[in-house]
Enquirer: 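First the structure, then my questions, so here it is.
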Amino acid sequence: MSSGCPPQSPAVAKSEVAVEGECPLLAATFAYWDNILGPRVRHIWVPKGDQSMFLSDGEVTFLANHTLNGEILRSAECGAVDVKFFVLAEKGVIIVSLIFDGELKGDKNTCALSIILPQTELAFYLPLHTICVERLKHIIRKGRIWMQKGNNIISILSVEIVLIMKLLASMKTHSVPEDVDIKDTVLNDDDIGDSCHGDFLHTAISSHLQTCGCSVVIGSNPEKVNKIVRTLCLFLTPAERKCSRLCRADSSFKYDTGLFVQGLLKDSMGSFALPFRQVLYSPYPTTHIDVDINTVQQMPPCHEHTFNQRRYMRSELNALWKTDSEEDIPPETVIHTDETTLDLNLFQDVPHKDTLVKSFIDEVFMLKPGLSLRSTYLAQFLLLLHRKALTLLKYIEDETQKGKKPFKSLRSLKTDLDLRDEGDLNIVMAFAEKLRAGLHSFVFGKPFYTSMQERDALMSF
Amino acid sequence: MIGSPDVVAFTKEDEYGQANLDPWALPEEFSVPLHPLADSNPWAKTSYAKFTKDFILISEFSEQVGPQPLLTIPEDPKVCGTFDLNYFSLRIMSVDYQASFVGHPPGSGYPRLSFVEDSRVVLGDSKEGAFAYVHHLTLYDLEARGFVRPFCMAYVAADEKKIMLQFQELSFRFSQASECLKAGNRRAFAKELQRKLRDLEYTHSVLQREEGLQREAGPQCMYSAHAVEKANELANVEKSIYEHRDLLRQISSYHRRPRRDPQAVACQKCMSECLNECEELLEKYAKLAKPFSYTEKGEERQGQFEREGGEEEADEEDEEGVKRRPSYTPQLIKGKSAKCFDKRLKTLQELCDETFYEATVELLKETERSFRGDLCYLHTRRLEKALRRKQRVTNFLFEGELGDDDEDDVGTLRPFCAVNHTVNNYIHLNPPPIVLGPEPFELDALEPQDPLDPASEASHTQDSELGLGESHLESSPSDQTLETQESSEETKGSFSSDKSGTGPAEKRHSLASAKSEAPDPDSDLTPDPDHNTDLERESSSEDMETTAGEDDGEDGGGQTPVSLLEVPSDLEASKDDACEGSNESDLLVPLDTACCIAQDGFLYEASAPEAVPGLHQSPHLSQTLVVNQEPQALLPLQDDYTVGSPCAESPAAGLELPGNLLGDAVSRISDGSDCTMSASTGSDRAASPLGYGGVVTLRQRKKAGQGALRFVRQYPFAMQALWCLLSGRTLVVLGADEGRVRRLVSSLALFVPGPGKCAERVQAWLSCPFTLTDLHRWKLIGLQRVASPVGSSMLHSLSRYSRYISILDADLKTLRCPPYQGQLLANIADHRTYVRRGSTYFLHAQSTLCHLAAKAFLLTFTHHLHMPVSSTEGPEVVEGRRRCFLQEQLGLGEEDSQILLYLSRLITQQYLQPATGGAAAPPSFSFNYTTSVLYRI
């Protein structure tokens with residue numbers, strides 16, 4: 001690290017966060033642009049532990065100030081959160097900064113919430129970037145409200161910063177490797193049904209694919225849970241696997257929003273409670289798989305999930321807006337249902353069967369295990385799905401002139417692209433959604449929103 | 001009376017819409033939109049940017065005028081549209097990226113060069129809808145403040161996700177470009193230092209002489225003011241000489257410093273060359289510049305300067321035995337330098353050695369091309385490559401070639417060398433990746449070389465090309481130093497300084513440039529009627545959908561003549577090279593023009609089958625040409641089917657392929673029959689890109705997709721035609737109009753399984769009768785209909801072999817073939833399809849063919865379908881099990897089963913005999929007794 005850093009401002013407050021295991025995060029900072037003094041650091045969070053690993057406070061301050069350089073030119077719309085990402089080889093760090101405007105001491109200031117990692121963690125961090133940014137963005141939304149009300153933003157930010165540190169630490173030790181060996185999965189069984197019931201496996205994989213590869217695997221036996229986690233990860237891309245987490249054998253992690261597949265362990269009573277808010281804030285709907293009782297449930301499709309998520313976010317922000325003091329902030333476990341008519345029963349049985357996964361599962365076990373035959377066949381299956389998704393996307397693109405016209409020929413699409421079964425369509429649509437965010441809402445959104453409006457209107461009487 | 005409509009008319013629209021506003025409601029700026037724009041149009045996310053497609057911007061933080069754009073890639077101003085480049089340059093250059101001390105540190109005797117690692121920043125302007133990956137670097141300039149000139153290279157896009165998802169690739173490419181630019185800059189800087197030292201030396205000698213003269217002229221112990229001034233000047237020059245020698249020492253130590261940037265990988269040979277040259281200079285000037293003990297020799301030399309009018313003296317050089325043309329005339333340096341704003345700063349080109357500059361610009365152009373287009377296509381392309389690598393055993397069926405050294409391996413850091421240091425070492429082992437530039441991977445580059453190690457220095461081969469010798473001083477664009485260019489009226493070229501595109505780099509990159517031709521216009525059946533500005537960006541994305549793949553395909557095919565299965569032997573390599581133009585003259589066999597009509601082409605000798613299997617009747621085909629041993633017993637399948645030469649090494653060599661029995665004999669017949677064929681070139685050869693022996697690229701395949709959609713729509717019996725091709729029955733397209741026949745062949749070639757890298761299975765245009773052997777070799781033939789005696793013999797051959805072939809008459813629009821009533825092809829051959837564009841149909845066909853290949857793989861490698869489970873089972877039982885599998889498990893009818901059986905045979909053959917040609921060798925010849933039916937429109 002550079003030694004020529006400016007002296008640390010004595011006013012900078014610092015919190016040490018106790019994180020279990022190795023936390024790759026060096027520090028997190030909150031800085032703002034003081035209209036007289038320029039960039040100022042307000043708060044620093046550092047993981048508690050071996051201090052030799054960490055940056056000095058002066059260096060952290062220097063880097064935090066660094067993130068606001070050039071932001072005097074900022075001309076973003078009010079409320080916009082811009083992301084800056086630095087890789088400073090000279091300093092050996094990467095910095096992720098979220099730049100936003102907020103009210104401090106009666107003035108509108110440009111602020112930056114940043115996390116700092118060593119450059120050696122670049123490959124580790126990059127797949128997790130979207131998760132971290134989306135979570136920080138939401139906490140900034142809450143923080144802006146809190147600042148507007150003249151309160152200290154730090155307490156709001158601290159909650160999420162701590163969680164991010166814990167997430168990164170857990171991913172350091174338990175993330176799924178980029179290349180999953182098929183031998184560690186159910187697909188290496190001699191025959192279908194050896195590890196788990198064939199229909200359960202089919203439903204689990206099918207639902208997993210229908211929910212964009214986002215699943216929670218819950219069970220009492222960590223080995224069993226992890227085997228299913230690895231099996232589901234076979235159907236993800238390498239980058240998505242890096243955003244997936246195995247379950248810990250001794251004690252369970254908490255659910256983390258944004259991961260693709262995560263294994264979670266039940267408590268000694270054999271129960272596990274998924275946090276409503278966090279599951280709802282996941283970018284994609286989630287499949288819930290219980291390996292103890294072989295059940296598979298899934299959340300509503302993307303357009304419904306996004307709609308519910310946004311409504312809930314609005315409720316949460318609204319509740320905060322109406323809160324007067326820090327003591328009155330509702331904890332995250334509280335479900336905001338005052339303004340919405342959310343169905344609290346998030347998960348439902350998998351409603352649609354498919355033929356794509358069904359035939360794959362039936363056929364892959366015909367190939368001899370222990371060789372690379374099954375891996376090859378899996379690769380062919382995934383290639384088929386990716387191509388179908390791209391074809392579907394292009395088909396809709398042609399039909400609607402790139403979204404200029406509404407899409408009205410779903411039936412033709414099903415026929416032309418051989419996606420007559422709803423399950424097949426859902427799987428391919430889910431793949432396409434990951435390629436083109438908002439596709440579900442574009443194709444299915446309008447009737448859904450109309451029905452929601454009608455329902456709300458009826459309920460208001 | 002006032003009615004309700006009138007009341008409404010008095011109400012403001014916004015108030016009317018928000019009649020029940022809650023005063024405690026959360027303001028929208030603190031909330032999240034319930035229906036964001038992406039929901040109503042997922043394609044509109046990037047539509048509000050003011051530029052039409054992604055571009056690369058090079059900017060500088062000028063010490064005179066501040067941040068300014070220097071050049072864009074591509075240079076077309078339409079690309080940037082109304083986007084304010086000046087403002088954006090200000091934004092991206094206002095990041096304090098280095099924060100390291102430059103200049104003259106306190107306590108240090110001499111100014112220090114700052115060795116700063118590059119930094120990378122992703123930032124954006126959400127209001128403008130512009131996001132950028134910005135790569136900051138500093139170049140050295142003797143005249144600049146602190147000797148550094150800050151530059152940045154930015155990849156500007158409208159999609160933030162695109163940048164973040166490809167951050168490492170972008171970082172890797174721009175690091176290569178930066179290292180190349182900096183290497184060239186160090187050379188230019190060293191040259192400049194050399195010139196400066198010569199000037200200083202000359203100035204010193206002049207001053208010393210003048211001072212001596214004054215001392216002699218004046219009283220012994222009295223110093224005039226003029227003499228004192230001269231003495232001060234002399235001292236300043238001496239100090240300056242020390243400083244510049246120190247700078248030279250510093251720049252030569254650049255290579256020895258530990259790099260903190262893991263992605264900064266430079267060509268080791270370039271580095272050590274530059275190091276050597278700098279050290280030579282250091283040594284030289286340590287000897288030359290001894291101004292304080294200026295001896296008689298110095299006076300002599302001074303006299304020489306005077307006598308020869310300042311011409312370069314050659315004593316030293318003669319002593320060194322270096323024969324160099326003296327070209328640089330030392331200049332007298334004046335005491336006072338020009339003021340900051342009077343001097344002319346060097347342009348980026350002048351700051352860098354020309355070769356390196358041009359190579360950098362080419363590399364950036366290639367980078368821009370490779371990242372062009374919509375993220376979803378780029379992303380899928382990358383995933384596809386990764387997946388296809390795992391299924392090499394079936395890729396030959398319908399997929400394009402897949403290079404072994406694909407550029408996506410970001411984990412492998414390959415240095416980019418502007419002067420092709422490693423080309424000779426590497427070209428035979430691993431063809432250069434196109435996208436990364438002209439320089440192939442240097443094997444030893446990743447190993448840190450000791451720069452002082454004489455062994456590593458022994459490999460210097462190109463000193464004369466890039467050496468810092470005096471003979472090259474004249475060619476430098478920065479010959480004029482600050483002191484010598486008193487009248488530099490030239491203002492700094494701000495925005496059109498890119499003069500690349502000519503010179504050796506251009507030649508070197510000509511292949512890459514040729515590949516990056518204009519994107520396929522994709523003249524679809526129903527073109528978009530309305531294309532506005534934001535759709536233009538999307539259309540550029542669509543270009544990418546084709547161009548990215550095209551580049552890819554051409555890359556893989558054009559420069560990576562690697563067999564579908566890895567075949568390391570030289571024999572295979574030479575066979576692969578048959579498709580490349582480089583060795584064409586050796587491999588092409590001129591045809592006998594006497595027996596050919598309008599023949600001006602060549603047939604590839606290499607394309608002749610080396611082993612042609614025998615004839616088999618269809619009921620027993622699958623039984624004989626399957627893998628009848630358990631796969632694990634055959635070959636090392638654990639990895640990725642790197643089977644090498646299995647015939648020699650594995651138990652599979654013992655497997656009897658009945659097809660080989662007649663192989664040699666038939667092969668000879670085939671060779672003989674070559675002479676009777678004609679591959680004429682018609683006026684519209686371009687209409688049919690296949691069948692000329694060139695590598696079939698993905699772009700051609702996509703164009704074929706467009707034609708195939710047209711065919712499917714026009715001909716209700718398209719399904720039957722496709723079935724013929726996919727089940728291995730040769731399809732002859734007969735017609736009088738060469739263009740039409742070629743177009744049809746080109747369209748249908750998409751469905752020929754295992755067409756071969758050079759489309760050996762397709763004969764686009766034939767003007768003479770064919771033989772039975774030809775039906776082995778070609779699965780799709782375009783045949784000329786002529787009314788001459790030759791024509792009648794052709795018709796005779798058609799009727800003679802009608803049992804084995806299907807005939808598509810392009811003139812009468814009929815198809816004669818066995819009936820097909822299956823369902824497998826219903827989706828790709830439905831003439832009522834709503835698929836609008838050829839590119840979409842291509843994707844759809846690709847999916848379907850991929851599905852077929854997967855099923856064929858399953859059939860091939862499911863061992864119990866080919867082997868008896870117990871010793872009591874006979875072949876009939878196995879055959880029954882196979883039929884049961886096809887009918888019940890896969891739900892296929894008789895005709896559909898034939899497709900899978902044929903594909904399975906091809907896989908088996910490819911798998912067992914990759915060394916004998918695999919895709920080049922035709923499968924066994926099959927026929928059946930089913931009566932053909934004539935289909936009409």
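Per chain, numbering begins at 1; letters A, B, ... match sequence-line order. Keep in mind that the numbers below use all heavy atoms, side chains included, and drop hydrogens, waters and symmetry copies.
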Enquirer: How close do B:E29 and A:R144 get, heavy atom to heavy atom, and via which atoms?
Expert: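 Closest pair (atom of B:E29, atom of A:R144, distance): O-NH1, 3.0 Å.
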Enquirer: Is there a side-chain contact between A:H386 and B:L387 (heavy atoms, below 4.5 Å)?
Expert: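 Sidechains of B:L387 and A:H386: in contact.
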Enquirer: Under 4.5 Å between any side-chain heavy atoms of A:R74 and B:D125, yes or no?
Expert: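 The answer is no; the side chains never approach within 4.5 Å.
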Enquirer: Please determine, among B:I828, B:L123, B:N827, the option with the most heavy-atom pairs under 4.5 Å with chain A.
Expert: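 Of the options given, most contacts go to B:N827.
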Enquirer: Between B:P42 and A:G438, what is the shortest heavy-atom contact and its length?
Expert: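 Residues B:P42 and A:G438, closest heavy atoms: CG-O, 3.6 Å.
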Enquirer: Is A:A389 in contact with chain B via its backbone, its side chain, both, or neither, using a 4.5 Å heavy-atom distance?
Expert: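 For A:A389, neither part sits under 4.5 Å from chain B.
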Enquirer: Looking only at heavy atoms, which two atoms of A:Q380 and B:A853 are closest? And how far apart?
Expert: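 For A:Q380 versus B:A853, the nearest heavy atoms are NE2-O, 4.1 Å.
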Enquirer: Using modelled atom types only, decide if a donor and an acceptor are shared between the side chain of A:N318 and the backbone of B:L26 within a distance under 3.5 Å.
Expert: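 Yes, A:N318 side chain to B:L26 backbone: donor-acceptor pair under 3.5 Å.
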Enquirer: Taking side chain as everything from C-beta outward and backbone as N, CA, C, O, which of these in A:Q148 sits under 4.5 Å from a heavy atom of chain B? Side chain, backbone, both or neither.
Expert: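 The answer is the side chain of A:Q148.
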Enquirer: At a 4.5 Å cut-off on heavy atoms, which part of A:K446 comes close to chain B: side chain, backbone, both, or neither?
Expert: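 Neither part.
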Enquirer: For the pair B:K127 and A:E77, find out whether any cationic side-chain nitrogen is under 4.0 Å from an anionic carboxylate oxygen.
Expert: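 So B:K127 does not pair with A:E77 through a salt bridge.
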Enquirer: With a 4.5 Å cut-off on side-chain heavy atoms, are B:F885 and A:M366 touching?
Expert: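 Yes, at least one pair of side-chain atoms sits under 4.5 Å.
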Enquirer: Taking all atoms of both residues into account, what is the closest heavy-atom pair of A:L367 and B:F861, and its distance?
Expert: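 Here A:L367 and B:F861 meet closest at CD2-O, 3.6 Å.
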Enquirer: Within the side chain of A:R314, is there an N or O that forms a donor-acceptor pair under 3.5 Å with the backbone of B:V32?
Expert: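 It does hold such a pair.
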Enquirer: Are B:W43 and A:Q401 side-chain neighbours, meaning at least one heavy-atom pair lies under 4.5 Å?
Expert: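 Result no, sub-4.5 Å side-chain heavy-atom pair not found.
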Enquirer: Which answer fits A:L393, side chain, backbone, both or neither, if we ask what part of it has an atom under 4.5 Å from a heavy atom of chain B?
Expert: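 Both parts, backbone and side chain.
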Enquirer: Check whether any side-chain heavy atom of A:L122 sits under 4.5 Å from a side-chain heavy atom of B:Q168, and report yes or no.
Expert: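 With C-beta onward as the side chain, the pair touches.
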Enquirer: Hey, does B:K855 have a side-chain heavy atom less than 4.5 Å from the side chain of A:E363?
Expert: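 They are in contact (side-chain heavy atoms under 4.5 Å apart), so the answer is yes.
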Enquirer: Please look at A:I145 and chain B and tell me whether the side chain, the backbone, both or neither of the residue comes under 4.5 angstrom of a heavy atom of that chain.
Expert: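 It is both, since atoms from each part get that close.
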Enquirer: Determine yes or no for a side-chain-to-main-chain donor-acceptor pair under 3.5 angstrom, with A:D416 supplying the side chain and B:Y834 the backbone.
Expert: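 Such a contact is found between A:D416 side chain and B:Y834 backbone.
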Enquirer: Contact part of A:T120 toward chain B, heavy-atom cut-off under 4.5 Å: side chain, backbone, both or neither?
Expert: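 Nothing of A:T120, per the 4.5 Å heavy-atom cut-off to chain B.
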Enquirer: Heavy-atom cut-off 4.5 Å, strictly under: side chain, backbone, both or neither for A:H129 against chain B?
Expert: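 The side chain, not the backbone.
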Enquirer: Do A:F85 and B:F167 have ring centroids that are under 6.0 Å from one another?
Expert: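 Between B:F167 and A:F85, the centre distance is under 6.0 Å.
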